[in-house]
Structure formats: C-alpha cells, structure tokens
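Below, chain A is the first sequence line, B the second, and so on; all start at residue 1. Since we're looking at a predicted model, the values are computed, not measured.
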Amino acid sequence: MLERSGFPSLLAALRQHGYRVVGPTIRDGAIVYGDIREESDLPIGWTDRQDAGKYRLERRADRALFGYAVGPHSWKKYLFPAHERLWTAVRTDASFAVRPEPVEGPPLAFLGVRACEMAAIDISDRVFGKAGDPAYSAHRRGSLRVAVQCGQAGGTCFCASMGTGPGVRKGFDLALTEILSPGRHYFLVEVGSREGAAVLSGLPLAPASQTDTAAAEAVVARTAASMGRSMDAGGLRDLLVNNPEHPRWEIVARRCLSCTNCTMACPTCFCNTSEEVPDLSGERTERWRRWDSCFNSGFSALHGASVRSSTKSRYRQWLAHKLGTWHDQFGTSGCVGCGRCITWCPVGIDITEEVAALRLPAPPPAEKKP
Amino acid sequence: MPYVVRGQTRETPDTVTLVLSPGPGAEPHPFAPGQFNMVYVFGLGEVAISISGDAEQPDRLVHTVRAAGKVTHALTEMTSGSTVGVRGPYGAGWPLSKVRGKDVVIVAGGLGLPPLRPAVYEMLRQRDAYGRIEIIYGSRSPRDLVYYEEIQGWRALPGLRFQTTVDTAGRDWYGDVGLVTARLPDARFDPPNTAAFLCGPEIMMKLTAQALTARGVPEDSIFLSLERNMKCAVGICGHCQFGPEFVCRDGPVFPYSEIRRFLAVREV
C-alpha cells in the first residue's frame, strides 16, 4: 500500500533505478503518452468521455491520477516507433558499408499500462518476436511495465468481452490500483517481478489489509460491469475467414474513409513500410521504417496497380486479419478490446457493431426480374 | 551482405539476368529452388527477386530482373564490378522431394519462368527420379521470351516436352499463339500421379490449376508461386498477406488445396 502522498517517491525510485518514465499526460486536448518528470505531468483530476468518433476531456470531481481510459496513443509508439531509422549506409570504393542504428538511452518504464495494453504488448512481443525484429527487441529489452487497474471503463471499451481486462492479472512488474474513498486516496501495489520489487525497496509502503484488497477488487469489478461496449467473441476466427462475400462489407465500405486512423490508433497494428533516404551527395543513405496501413492504396501495389483497390476489400482485410487470420498467424486475436478504433474513427464505425452485423445471416440475393 | 555483379545477359529489351558472387565478408548462400532474395541497390532501396540459378552453385547467384520500378531499373543497368546488397534466401520453395516418382507439369507465364528454372535444373540432374516433364511457357510476344538458347537445349532432351506460346506475334513466329491452358491438352501425363508447378500471372495460374484438376491432378499436388507487394521478407511489414498467409514466409510456393478458397475471392 502506498498513500497518495507517497506517489512522488515511486516516480523518483523509477528514475533512480535508471528508467526513463513515460506515461499519460495531456497534450492537444487528449491524454497521450509522453515523458513523466514529475507527478504534475499526469492528468490529475481529468477524465475522458468517449464514444464512436468522439473524445472529450472533462474535469473529475476528485483528484484521481488515473481516472480515465486509454487515449489515441499506445505503447507501440515506444516499442515500434511511427518513424524509425533502422540503418545507415555509406559508400566506399566500389561498395558500401552498412551500420545498424544503435539503440541508446535508458530502459523505459511504462507507467499506467492498462490490462488491454498489457495484452497488446504481449501480442506485439509475439508478432515482432516471430520475425526476430532487432529494433523492437532493443526497445523492449529491460523495459518495466507499471500497470494500473482500470477504475472506470471508457465509452468504447470492451476488454471484458475479449478476455483481456479490465483486471491486470499477469506479466506486470508492478500493478497499482488507485483507491479513492471518502477521506483517503491511496494505491494498492502488487509486485509481479524481481525488477518491480527492486523499485519498491525504500518506498513508504504499508502492508495491505483485507479491507484494502477487497476495495481494490471492487474497483476492477465495478469497471468490468460498466464496459461501454461488448462483443460476442465466440468463433470470431471462422466468422471472419468464412464470410468474405457478406453484404455487410459493402455497407461498411460506404462509410469508411480509408483514412487509416483505426490502424494508427490500434495498439497491435504492426504494418509498416521501408523508406530509402539518400542524402544529396549520394555518398550516404538511410533506411527508415514507417507505420503503414492496409487502408492505404499503395499498400498492396503490385505492378503498378493495387490488389485491394476498393475500400470494401481494405476494410475486410483489416477486420478479417485483426479478428480472424491473426489467430492463424500468431495464435491469438489481434484485438484487445481497447476501443480506440471506435473512438478515433472520424465517421464512428464501431467494430463491435460490424461484428454483430456479420453474425446475421446474409439476406438471400434479390430475385432477378425476368 | 554485399554481392558483386560478375556478368549480365540482356534477355529481352527490359529484362536482364545478373550473375552475382559474394563480395568481401559475404558467404555463398545455399538456397532451395523457388526461394527468393531481397536485393538492395545503394540509395534506391530493396526488392524481392526470385533466385533463378542453379542450387548446386551457391557461389554463383543468378537473378533475372525486369525493369519495373526504380530499383529494378537500376539492377538491369548494373555493370560488372558493381556491388548490390543481398538478404536471403527467403520463403518456401518448390517441394521437389514430394514430387519424386511423378510426372511433372510446369507452367510458366512471362517472368514466371526464372523462379522455376532452379527446379528444372534439379530435376534434370536427377532425371531418373521423375517421370515425364512437360513444360509450357507463355509470354506476351516472342521477344519477351527469356532463356531462349537454353530452352533450345532442353527441347532436345528425351522425356521432356517444352511448349511455347505467346499472346501476340508477327508473321515471323512459327510457334503457338494463345493461352498456356490451350497447350495443356497436348501435354502427356498420368493425372493421378502428376505434380504441377505454376508460376505467372495469378489468373493464368488459377485457370491452369482448374484445368489440371479437371483432368484429375490432385489439388494438393498442384503448387503455385504467388506474388505480392513485399517490404521486409520476414513477416513483419504486413504487405504480402494473402488470407492467413504471409507470402514471404509461408510461401511464395503454396499447394493449390491450401489457397484455392482465397484465390476465389476478389481483392483478397
């Protein structure tokens, strides 16, 4: 147990142990992830109101540190940066020499990782691990996950449906439950690893009573009961893979702008492209990796034409991959129920609504008039 | 890994065969017929190119390249002594060990022949291990045919028939004009004991696979080499997905039985 007044000592301890602390902070009217130097960098007393295509920050009645759901950023911005130099090559006599990009800087401490995001990082570990990606593993190595049990569900949350939350159960280094009771504001701290325990040594902690543990359990239970959305996750892989001609794809494509917002906000979307950036002298060139999206027209370009030229086929590729073929590729769903794709879709397309519609049998084709 | 250009042969007006050897610090890399490499040109970028040489000569890496984009354009203009980067080999190749004892039908369209050539070399080297070899090669026009001299040598071999057909030709062309599927009825093979290797435009492979199954060739004995946009070759860029498959890692060669349902979907 850590009293609210002791929270700054946790931040200090993380820094003392050599971590660069990153976590939720307010920028441009949204809660995003950035460097946390002191506790006032956190969105203290703020919350968010989310719905399909809607995101607003609001003042809370209390001074909670973690009283909001997830924003447009996810931790992939640190583990798989949106734009990253992979290597540099320099021309030599008749050849060239390649120098891989060194990954420098202190290991990262992710402060405020929610259950859905723990699941998303686990999925990314599988995706990038299977490919043996050196850049991802360099960022991930030595990182610390300080999880936070969600105290309230967002309007587009459905982690309870996907079995990823709202309770963080494993994989964390430390897990905090923020408890606000009349007259008392404190954190229940769970230790999940040796690294996590090391950070705690010397902090003003008190043993948790049964009342404290019960209060923490109640926080998670309350959140689980207030999910803004739900999705029937049974048999999703087969539903998505076996219905490529379902009429719903046409219907959703009429609204979808193919803008890529859902894939940028998604904590597990990993598609990327390579860019060669030579300097003007022609003596030096850089290889960059940039987030790409299956909604971009050039994404499937082959011999000058796009394999998936219609928005229908791109939306189908995204959803059928996320909820369907992801299972074939990585033994898990690609969706953690965080709701970001719903909130940040400019036209409010709701993945839970689309899945429900795909579950309805396709109407029989209209009879042709003679 | 740096590789040095040792020779180049212009096959057609826009297609060149490059012979590469390991540069300083690079090892010869063994490959299986049907695999591909990522070939890098300094300052321009990287492209996926099938390996079209002999797997028994791993220190002599052969790539046949058509000038399509800026990287392939640069590759077709490479001079001897230039250095390129090579990553690979990647992917699953032609399952030669699975087709031993069978008649083999090879159908290639356009630049579909280069990734098949290492398989032909392998079968010719172990000629007795395979039954009849029927090769059908289609291209847009006579001047788009690659490996022309070598093909003349193959034509003379017993137990191997090589048919060529083109989409359009002038009066100086004495060969066939039409689709590769139109040459299939002339091919002699024992359908239940036949394997087929197909590489070319997707619609060509699809129609050929349908024609072969109609003649009784089992679907799991027909193998197609797919092509998709590729950036990474290791299953992390997402570009080459085809249904549940990463073409770079799970393919590019797939049994027809596994991908037939996805080939049937438009814009999959």
Practice problem: Go through B/Arg266, B/Arg228, B/Gln241 and name the one with the most non-hydrogen pairs under 4.5 angstrom from chain A. | Solution: B/Gln241
Self-check item: Side chain, backbone, both or neither of A/Ser300 within contact of chain B (heavy atoms, under 4.5 Å)
Solution: backbone
Quiz item: Does B/Asp14 come within less than 4.0 Å of B/Arg66, counting only side-chain N to carboxylate O?
Solution: yes
Quiz item: Using 4.0 Å as the upper bound for N to carboxylate O, is an ion pair formed by B/Glu46 and B/Arg87?
Solution: yes
Practice problem: Could you tell me if the ring centre of A/Tyr136 sits under 6.0 Å from that of A/Phe80? | Solution: no
Quiz item: What part of A/Ala320 gets closer than 4.5 Å to chain B, counting heavy atoms only: side chain, backbone, both or neither?
Solution: neither
Quiz item: Are B/His29 and B/Tyr3 close enough that their ring centres sit under 6.0 Å apart?
Solution: yes
Quiz item: Among B/Ile236, B/Asp250, B/Val84, which residue forms the greatest number of heavy-atom pairs with chain A at distances under 4.5 Å?
Solution: B/Ile236
Quiz item: For the rings on A/Tyr78 and A/His139, is their centre-to-centre separation under 6.0 Å?
Solution: no
Self-check item: Contacting moiety of A/His321, where chain B heavy atoms sit under 4.5 Å
Solution: side chain
Practice problem: Please state whether the side chain, the backbone, both or neither of A/Val98 comes within less than 4.5 Å of a heavy atom of chain B. | Solution: neither
Quiz prompt | chain B interface, residue from A/Arg284, A/Gln329, A/Lys312 that has the most non-hydrogen pairs under 4.5 Å | solution = A/Gln329
Quiz item: For the candidates A/Pro244, A/Pro278, A/Cys271, A/Ser274, which exhibits the highest count of non-hydrogen atom pairs separated by less than 4.5 Å from chain B?
Solution: A/Cys271
Quiz item: Do B/Trp94 and B/Phe223 have ring centroids that are under 6.0 Å from one another?
Solution: no
Quiz item: Would a 4.5 Å heavy-atom cut-off, applied to side chains only, mark A/Ile351 and A/Trp318 as touching?
Solution: yes
Quiz prompt | Segment of A/Glu283 engaging chain B (4.5 angstrom heavy-atom cut-off) | solution = backbone
Quiz item: So what's closer than 4.5 Å to chain B heavy atoms on A/Arg287: side chain, backbone, both or neither?
Solution: side chain
Quiz prompt | Closest non-hydrogen atom pair between A/Met162 and A/Ser333, with its separation | solution = CE-OG, 3.9 Å
Quiz prompt | Under 4.5 Å from any heavy atom of chain B - which part of A/Ser306 | solution = neither
Quiz item: Mind checking whether B/Val166 and B/Arg140 have side chains closer than 4.5 Å, heavy atoms only?
Solution: no
Quiz item: Which answer fits A/Asp328, side chain, backbone, both or neither, if we ask what part of it has an atom under 4.5 Å from a heavy atom of chain B?
Solution: side chain
Quiz item: Given the options A/Asp279, A/Val277, A/Val241, which has more heavy-atom pairs under 4.5 Å with chain B than any of the others?
Solution: A/Val241
Practice problem: Measure A/Asn242 against the heavy atoms of chain B and call it side chain, backbone, both or neither at under 4.5 Å. | Solution: both
